[in-house]
Amino acid sequence: MAEDEARLRSAMVDAMRGLDARGLNRGTSGNVSVRMGDGILVTPSGVPPERLAPEAMVRIDAGGVVADGQLKPSSEWRMHWRLLERRPDAGAVVHCHSRHATILACAGRAIPAVHYMIGVAGSAGVPLAPYAVFGSEALADAVVDAMGATGRAALMANHGQVVIAPRLGQALLIAEEIEEQAAVYWGALAIGGARTLSEDQMAEVLERFGGYGQNRP
Ligand SMILES: [Zn+2]
């Protein structure tokens, strides 16, 4: 196995354990993927994070073909595949059912610009992709459409959240921030509603986030 592939596989194990440790996921519901050459690596279906090993990651080859002789891929592998196919700027996808993001997704609410840190999503809010049954092509399409050309995150109606980023570590951090933003918005709704930032105010934030990395608070 190439060194790069070995590194990606163990980073995926760390990411799944990280989601669990940060309380962003419970049980076997979350999944992550990374781009690898013309294909992707995605987490297997139904393996709890503590039992995941680097060898368990499932390779999906060019054209979205699941290579033989591996564990069954995550039921959401089509969504991971489609996001990495349509967004060349992305190298990794994180999907989880973090509590507050899921509460909003179940209430049919997108996250507006309640706090400037929503800018980590690459837009002035986190859109809500319409409901489609888990694991379906329709869900993959809905999420790709909701993120558009530059968005990095979406809520999935009656389901959870999904994030893309150039690298897996970044995707994990954004997923954690989206959960925080969802909790803040949920809390603001509970005390009478949020006072959102204007388009101009968010344009200024996004410009400052432009340098992504060192410029980011
Ligand atoms: Zn899910």
Side-chain angles (χ1 to χ4, degrees), residues 11-35 40-52 56-58 60 64 66 70-87 90-111 121 126-147 151-165 168-183 185-186:
M12 290 170 76
V13 173
D14 292 346
M16 288 301 289
R17 292 189 181 151
L19 281 174
D20 206 47
R22 293 172 203 208
L24 294 173
N25 214 23
R26 276 167 300 282
T28 60
S29 52
N31 31 76
V32 307
S33 64
V34 295
R35 187 189 301 284
I40 73 170
L41 286 172
V42 66
T43 41
S45 177
V47 181
E50 67 275 12
R51 281 183 37 221
L52 262 185
M57 302 307 160
V58 181
I60 297 176
V66 183
Q70 310 181 90
L71 294 178
K72 208 169 112 194
S74 156
S75 58
E76 295 299 356
W77 73 266
R78 289 176 188 84
M79 176 176 79
H80 289 264
W81 174 264
R82 192 64 56 79
L83 280 167
L84 290 168
E85 179 188 44
R86 297 286 167 83
R87 290 288 300 269
V93 181
V94 168
H95 163 57
C96 63
H97 301 175
S98 62
R99 178 164 298 164
H100 296 90
T102 304
I103 289 172
L104 294 179
C106 291
R109 286 179 184 269
I111 311 177
V126 177
L128 174 72
Y131 178 79
V133 71
F134 77 93
S136 64
E137 294 277 357
L139 180 58
D141 288 341
V143 163
V144 167
D145 287 351
M147 277 198 205
R152 295 196 187 101
L155 299 183
M156 302 150 71
N158 308 91
H159 189 153
Q161 62 147 309
V162 58
V163 163
I164 61 173
L168 190 53
Q170 295 166 328
L172 202 61
L173 288 173
I174 296 173
E176 191 174 24
E177 187 59 46
I178 297 308
E179 170 57 12
E180 179 62 19
Q181 293 293 316
Y185 183 42
W186 174 78

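As the structure is a prediction and not an experimental result, all values here were calculated from the model. One-based numbering, in listed order, for ligands and for the atoms of each.
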Can you find a heavy atom in the side chain of Val47 that is under 4.5 Å from one in the side chain of Thr28?
no
Minimum heavy-atom distance between Gly91 and Leu84, given as atom pair plus value:
C-CD2, 3.7 Å
Taking all atoms of both residues into account, what is the closest heavy-atom pair of Ala110 and Leu155, and its distance?
CA-CD1, 4.3 Å
Evaluate whether atom CZ of Arg22 has more than 12 neighbouring non-hydrogen atoms of other residues, nucleotides or ligands under 6.0 angstrom away.
yes
If you count the non-hydrogen atoms of other residues, nucleotides and ligands that lie under 6.0 Å from CH2 in Trp186, is the total more than 12?
no
Atoms named by residue and atom, protein N, O or S, within reach of the Zn ion (ligand 1) (under 2.8 Å):
His95 NE2, His97 NE2, His159 NE2
Tell me if a side-chain donor or acceptor on Arg109 pairs with a main-chain N or O of Leu104 at a distance below 3.5 Å.
no
